[in-house]
Structures are given as C-alpha cells and as structure tokens.
Amino acid sequence: MAQDRGVTPRSENYSQWYLDVISHGDLIDDSPVRGCKVLKPHGYAIWEAMQRDLDDRFKATGHVNAYFPLFIPMSFLSREAEHVEGFAKECALVTHHRLRASADGGVEPDPASQLEEPLVIRPTSETMIWHMYGRWIDSWRDLPILVNQWANVVRWEMKTRPFLRTAEFLWQEGHTAHATRAEAEEETSRMLDVYASFAEEVLAIPVLRGRKSARERFAGAVETYTIEAMMQNGWALQAGTSHFLGQNFARAFDVTFQSEAGERELVWATSWGVSTRLVGAVVMTHSDDEGLVLPPALAPVQVVIIPVYKNKDRETVMAAVDALHAQLEGRVRVRVDDRDNLRPGAKYYEWEHKGVPLRLEVGPRDVKRGAAFAKRRTGGDKFAIPFEGAVERVEEILAEVQQALLETARRRLDERTYAAESWDDFVRLIEEQPGFYQIPWGGDDADEDRVKDATKATLRCYPLKQPPIEGLTCPLTGKPAREWAIFARAY
RNA sequence: ACGGCUGUGGCGCAGUCUGGUCAGCGCGCCGCUCUGGGAGAGCGGAGGUCGCAGGUUCGAGUCCUGCCAGCCGUACCA
C-alpha cells in the first residue's frame with residue numbers, strides 16, 4: 001500500500017494533512033474516551049522538551065513550582081461571575097466516590113456514595129489557587145507570590161482536534177499575587193515576553209504580541225494578552241496567553257493584605273499559560289508534505305545515524321558508526337538506528353516522518369573516504385560531513401536549520417498580513433486569501449460579532465506595536481478608527 | 001450539540017442494495033533464507049464474536065431500532 005504510506009498533501013486537504021503528519025510522526029494515538037488522546041513517547045518527548053526549556057525560563061524570572069488539586073469544590077466556580085460564565089458549559093463533575101456491582105453484571109455509582117457537594121475537575125485553577133492564597137497572604141511581606149504549576153486540565157469540548165483542542169490537555173498555569181497594580185501589570189507583560197521569546201527561539205514560530213478584545217478576553221480577566229501565530233493555511237493560532245486579573249479573584253476569595261502603610265488592600269493578580277497546543281503549533285508551522293518537521297532546538301532526536309552495509313562490511317561500518325556516535329553524543333541529541341530488520345531506505349522514511357532535522361548515513365564508501373553522507377530533513381541534496389570535526393559541523397547545520405525555519409515562518413507571517421479597503425473587500429479577501437488582516441478598527445462588540453457572523457474571522461488581537469492611526473476611518477464599520485486590530489480565521 | 005457520511009484482523013478496503021461456502025484482498029506482523037546507498041524478494045505462518053446492545057427471521061456482516069465512536073460541515077471554545 002505504497003500510496004497509503006504518504007501524507008495527504010496540504011493543497012488537497014489541510015485538515016487531513018495535519019492529522020496524517022501527526023499519525024505518521026507517531027505523536028499521538030486515539031483513546032477510548034471521546035476527545036481524549038494518548039501522547040505517545042515521541043509526542044510526549046516534544047512536550048517534555050518544551051517543559052524543560054519553559055521551566056528554566058520561569059525559574060530565571062523568579063517563579064517556583066507548586067501543585068494544587070485536580071478537584072475543585074463546585075461552589076468555588078460560582079465565586080467570580082464572569083469566570084463561571086466562561087467555564088460553566090464545559091466542566092466535568094465528580095458526583096460519587098464509590099462504585100458497586102450492578103444487576104447487569106457491570107458496575108454503577110453507589111447512590112450511598114453521592115458527594116454532598118460535587119467536585120469540578122479543574123478547567124483552570126484560579127479559584128482553587130486564590131482560595132489557597134487567601135490562607136497564605138496576610139501582609140505586604142508575603143508578596144509577591146510567583147507560583148507556576150504543571151498540570152492537566154479538562155474542558156469538555158464538543159469539537160476536538162489533536163493537540164489543538166482536546167477534552168483533557170497538559171499545560172502550565174502561572175498564578176501570581178502582587179501588592180500593586182503596576183507590579184501585576186509588569187508581570188503580565190514579562191510573561192508574555194517569555195512566551196514570545198520561547199516561541200521564536202525554541203519553536204521557531206514568530207508570534208504577534210497583542211491584547212485581546214473584550215469579547216475574546218479570558219473570563220475573569222481585566223486584560224488578556226496573547227501571542228498569535230500564523231499557521232500555513234493562514235489561520236491564526238493563539239499560542240499563549242497572559243492575563244492581568246486585576247483584583248477580581250482577590251475580591252471573590254476575599255484575599256487582602258496589610259500594606260506597608262498599614263492599610264487593608266486587595267491583592268493584584270496575574271495568570272498565564274501555554275499548553276500542549278504548542279505541539280500542534282509546531283506541527284502546523286514547519287511540517288511539509290513529507291510529514292513532520294521539528295526545529296532542532298526542540299527535536300527529541302536531532303541527528304539520526306543510519307548504518308548501511310552488506311554483511312561483509314558490517315564490522316567496519318559499525319566501528320565508524322560507533323566512533324561518530326561517541327563524538328556527537330553529549331553535544332547533540334543523537335541516535336543510532338541499528339535495527340537489522342529494516343533496510344536503510346525504510347529507516348530514512350521513518351525518521352523523516354518523525355521530523356528528525358538531520359540524518360547521517362554511514363556505509364562502506366563513507367568509511368573509505370572518512371565522511372558521513374548527510375541529509376537535512378528540510379531539503380537539499382545529500383552532502384558529505386567528514387568524520388573529523390563532525391560535531392562542530394553538525395552543530396552548525398542544526399543552528400542553520402533552526403534559523404531557516406524561523407525565517408521561513410516569519411516571511412509567511414509578513415507576506416500574509418494584509419489590508420482591506422472596505423467591508424466587501426474584506427469579506428471576499430479573507431475567504432480567497434486567508435491570513436492576518438490588519439485593520440484600523442473602530443467597531444464595538446456588536447460590530448465584532450457581525451464580522452464573525454459574516455466571515456468566521458475574529459478579532460485576534462490589538463497588536464502591542466501600534467502604527468499611527470490618527471485620522472483613519474475603519475474600513476469595516478465606517479467609524480473613526482480607534483486602534484489597529486488583527487482579524488483572522490482561528491483554530 | 002446539530003446535519004451529512006462512515007464503522008469488517010494492527011492499517012487501508014471489498015462484500016451489505018438483492019439475508020443462505022461472505023469471513024476475503026492488499027499492506028503490516030511472526031519464522032527462515034537470500035539481501036542491504038530512498039519503503040527488498042522468496043517460501044512458510046499467525047491473526048477477525050464484521051463498533052456495541054436489542055429485534056425480525058429456520059438463518060443476520062447483510063434488514064429494523066437504539067446507543068457509541070470517527071470524519072466533513074455548522075455552532076461553541078485554549
């Protein structure tokens with residue numbers, strides 16, 4: 001079934017391409033539970049690599065990790081009015097704590113074990129954490145609290161897509177408490193910058209920093225800041241958010257502190273998070289019609305060495321492979337594929353599908369001339385890398401590939417950021433030419449809804465970098481322009 | 001959640017309309033041999049209560065009902 005081994009081309013069916021890349025890359029498997037996926041070792045390794053790098057960045061900015069419970073008393077969710085409205089529709093509940101044998105031979109909840117108050121499986125942890133912060137915060141000397149947690153959360157989504165939207169997902173959520181508004185605002189912006197530089201430096205995904213409109217803002221936040229990435233089909237993907245929560249949660253959970261001046265004041269809050277959705281962002285940003293492409297800085301395996309030999313050459317080839325492996329190990333993430341039941345060609349395809357940035361082939365001819373035969377995952381002809389000094393050359397190549405991926409993605413973001421002259425113009429263009437539309441926006445919430453109803457495009461953000469807008473008129477509403485806004489179709 | 005389509009060994013499918021050698025094909029998998037620079041070949045094997053539960057019938061993969069899951073579209077959302 002040679003024809004079934006490939007990936008559906010992007011041009012033919014972009015959604016199917018995405019699913020094919022993930023399945024050929026061996027990242028995920030279906031689970032028996034609706035909307036829940038299994039992260040297979042290669043998929044999880046990508047998330048682990050993200051975790052490691054992000055965790056270092058959080059620590060470097062003064063944060064510490066902690067862990068809060070999965071179960072939240074249902075009454076907590078109702079404390080903050082907007083928050084409950086935002087999440088009520090997608091909460092899973094635990095109502096019993098015991099099963100018993102049922103008449104049909106199976107099991108059923110034991111009615112006697114019904115909980116007095118159902119527990120919500122956390123869709124996010126603001127409520128639990130602010131309940132706890134109430135116990136921890138007494139004086140200005142207890143502040144700031146800069147805590148992050150790595151956790152799973154559950155949001156009962158109707159429509160799921162691997163990595164981009166699943167019922168259960170892995171993420172980190174930072175929750176900080178501050179004595180002043182300015183300090184909390186500064187934290188919000190600092191963490192947005194952490195996300196943006198992580199996305200660009202490690203994931204090779206250029207992002208647009210912006211502020212969410214009221215309609216798109218996190219339920220319970222005063223302001224939500226976002227990094228928006230552009231996928232290869234021109235759709236936007238919210239890749240991370242940082243929220244200025246004001247005093248909303250402090251008020252809801254009655255968290256006050258005594259200031260230096262001796263006054264009782266409400267605590268200021270932020271929260272910020274990124275999730276396994278970022279794996280989907282990487283897949284969609286860099287992969288091609290051959291399959292997965294991983295940026296070297298993120299790739300669990302950066303270099304794979306494939307021995308090529310006839311039986312009579314086995315020993316000499318393997319000696320050279322082992323020497324090369326020893327040279328690279330510790331400097332780059334390298335793996336030797338010495339499986340004897342596959343021919344080299346089959347291995348090439350497999351590792352290409354898994355997104356490994358660089359492949360080194362070592363056969364009798366290579367041993368003779370003292371160089372490995374190399375191939376970049378991202379294209380170009382095969383080329384020789386002399387065994388001597390190979391590790392430096394390999395590191396150079398990985399750095400080049402990393403850079404090239406970022407540049408390609410950045411070019412796409414730039415080239416596909418458009419303007420629209422009028423409502424009709426916009427409605428037509430967003431369909432024919434998906435991308436980011438930079439609009440001098442003058443509309444209100446209702447106008448925003450009208451755009452969405454007509455085009456499915458949403459106001460992704462108000463970019464933090466705002467060109468002058470004085471005197472411009474909003475092409476979509478005819479009203480005086482207030483602020484530049486990005487509109488796009490989004491995941 | 002709504003509408004359309006789909007569910008048959010691990011994967012991709014044929015068979016369903018017209019109920020009765022209809023449990024089949026390709027790939028993959030296991031064993032051996034020859035092989036080995038882009039998905040190798042030969043020979044020999046293993047593997048399926050036909051998504052689940054009821055119903056109609058002498059007889060159900062095939063017909064009926066319900067449920068579950070997946071895909072596409074729509075609505076909602078990180």
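Heavy-atom basis, side chains included; hydrogens, waters and symmetry copies ignored. Below, chains carry the letters A, B, ... as their sequence lines are ordered, and counting in each starts from 1.
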Roughly how many Å apart are [M] and [N], using the [atom1] atom of each and rounding to a whole number?
N: B:C5; M: B:G10; atom1: P; result: 28 Å
N: B:G7; M: B:A46; atom1: P; result: 28 Å
N: B:G48; M: B:C29; atom1: C1'; result: 15 Å
N: B:C32; M: B:C68; atom1: C1'; result: 44 Å
N: B:C13; M: B:C71; atom1: P; result: 14 Å
N: B:U8; M: B:G51; atom1: P; result: 6 Å
N: B:C30; M: B:C67; atom1: P; result: 42 Å
N: B:G55; M: B:G47; atom1: C1'; result: 32 Å

Q: Give the ring-plane orientation class for A:Phe249 versus A:Phe253, where under 30° counts as parallel, over 60° as perpendicular and anything between as tilted.
A: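 Rings of A:Phe249 and A:Phe253: parallel, under 30°.
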
Choosing from [options], which nucleotide comes nearest the side chain of [X]?
X: A:Phe373; options: B:G37, B:G38, B:A78; result: B:G37
X: A:Lys382; options: B:G38, B:A78, B:G37; result: B:G38
X: A:Asp340; options: B:A75, B:G36, B:G37; result: B:G36
X: A:Lys159; options: B:G40, B:U74, B:G38; result: B:U74
X: A:Ala346; options: B:A39, B:C72, B:U35; result: B:A39
X: A:Ser15; options: B:G36, B:C72, B:G38; result: B:C72
X: A:Leu19; options: B:A78, B:C71, B:A39; result: B:C71

Without decimals, in angstroms, what is the distance between [X] [atom1] and [N] [atom2]?
X: A:Trp17; N: B:C71; atom1: CH2; atom2: C1'; answer: 18 Å
X: A:Asp453; N: B:U74; atom1: CG; atom2: P; answer: 13 Å
X: A:Ile28; N: B:G70; atom1: CD1; atom2: C1'; answer: 15 Å
X: A:Asp449; N: B:A75; atom1: CG; atom2: C1'; answer: 13 Å
X: A:Arg339; N: B:A39; atom1: CZ; atom2: P; answer: 15 Å
X: A:Glu350; N: B:G40; atom1: CD; atom2: P; answer: 12 Å
X: A:His83; N: B:A78; atom1: NE2; atom2: P; answer: 12 Å
X: A:Asn341; N: B:G40; atom1: CG; atom2: P; answer: 11 Å

Q) Does the pair A:Arg217/A:Glu82 count as a salt bridge with the N-to-O cut at 4.0 Å? A)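 The answer is no: the pair does not qualify as a salt bridge.
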
Q: Would you mind checking if A:Arg339 and A:Glu350 are paired as a salt bridge, meaning a charged N to carboxylate O distance below 4.0 Å?
A: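 Here A:Glu350 pairs with A:Arg339 in a salt bridge, since their nearest N and O are under 4.0 Å apart.
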
Paired with [N]: which nucleotide, if any, by Watson-Crick or G-U wobble criteria at under 3.5 Å for both distances?
N: B:A69; answer: B:U6
N: B:C17; answer: none
N: B:A1; answer: B:U74
N: B:C34; answer: B:G40
N: B:G26; answer: B:C11
N: B:U56; answer: none

Q. CZ of A:Arg209 to CG of A:Asp193: how many Å apart, nearest 0.5 Å?
A.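 A:Arg209 atom CZ to A:Asp193 atom CG measures 4.5 Å (nearest 0.5 Å).
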
Q.
Per the ring pair (Phe, Tyr, Trp, His ring centres under 6.0 Å) rule, what does the pair list look like for residues 201-230 of chain A, sequence neighbours excluded?
A.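 Listed by first then second residue: A:His83-A:Phe218, A:Phe87-A:Phe218, A:Phe218-A:His243.
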
Q. Cationic tip of A:Arg52 within the cone over A:Trp150's six-membered ring, i.e. under 6.0 Å and within 45° of the normal?
A.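 Negative - A:Arg52 is either too far from the ring of A:Trp150 or too far off its axis.
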
Q) Regarding A:Arg122 and the six-membered ring of A:Phe68, is the cationic atom NZ or CZ under 6.0 Å from the ring centre and inside 45° of its axis? A)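 Not satisfied by the 6.0 Å and 45° rule.
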
What is the nucleic acid contact for [X], judged by heavy atoms within less than 4.0 Å: base, sugar-phosphate only, or nothing?
X: A:Gln238; answer: sugar-phosphate
X: A:Glu157; answer: base
X: A:Ser23; answer: nothing
X: A:Glu352; answer: base

Q: Please lay out, stage by stage, how A:Asn248 and A:Arg79 fare under the test side chain to side chain contact (heavy atoms under 4.5 Å, CB included).
A: CA-CA 10 Å; A:Asn248 291 348; A:Arg79 295 283 202 88; over 6 Å; no

Quick check on [N]: is either OP1 or OP2 less than 4.0 Å from any side-chain nitrogen or oxygen of [X]?
X: A:Arg343; N: B:G38; result: no
X: A:Lys375; N: B:G37; result: no
X: A:Lys456; N: B:G73; result: no

Q) Between A:Ser287 (side chain) and A:Val293 (backbone), is there a donor-acceptor pair under 3.5 Å? A)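 Yes; judged by distance alone, with no hydrogens or angles, the pair exists.
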
Q.
For a quick check, tell me whether the side chain of A:Asp366 and the base of B:G37 share a donor-acceptor pair closer than 3.5 Å.
A.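 Counting by modelled atom types and ignoring angles, a donor-acceptor contact under 3.5 Å is found here.
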
Q: Test A:Phe436 against A:Trp235 for ring pair (Phe, Tyr, Trp, His ring centres under 6.0 Å), laying out the working first.
A: CA-CA 8 Å; A:Phe436 285 8; A:Trp235 286 32; over 10 Å; no

Q) In residues 306-327 of chain A, what residues come within less than 4.0 Å of RNA chain B, judged by heavy atoms? A)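 Hits under 4.0 Å, by residue number: A:Val308, A:Tyr309, A:Lys310, A:Asn311.
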
Q.
If you assign each of A:Arg359 and A:Leu237 to its closest nucleotide in RNA chain B, which residue comes earlier from the 5' end?
A.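 This one resolves to A:Arg359.
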
Q: Between A:Leu342 and A:Arg215, name the one whose nearest nucleotide on RNA chain B is closer to the 5' end.
A: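 Counting from the 5' end, the first nearest nucleotide belongs to A:Leu342.
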
(Q) For A:Glu187 and A:His63, which I'm curious about, is there any donor-acceptor pair between the side chains at under 3.5 Å? (A)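 On atom types as modelled, these side chains qualify, holding a pair under 3.5 Å.
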
Q) If we require ring centres under 5.5 Å and near-parallel planes under 30°, does A:Tyr348 stack on B:G38? A)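 Stacking between A:Tyr348 and B:G38: absent.
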
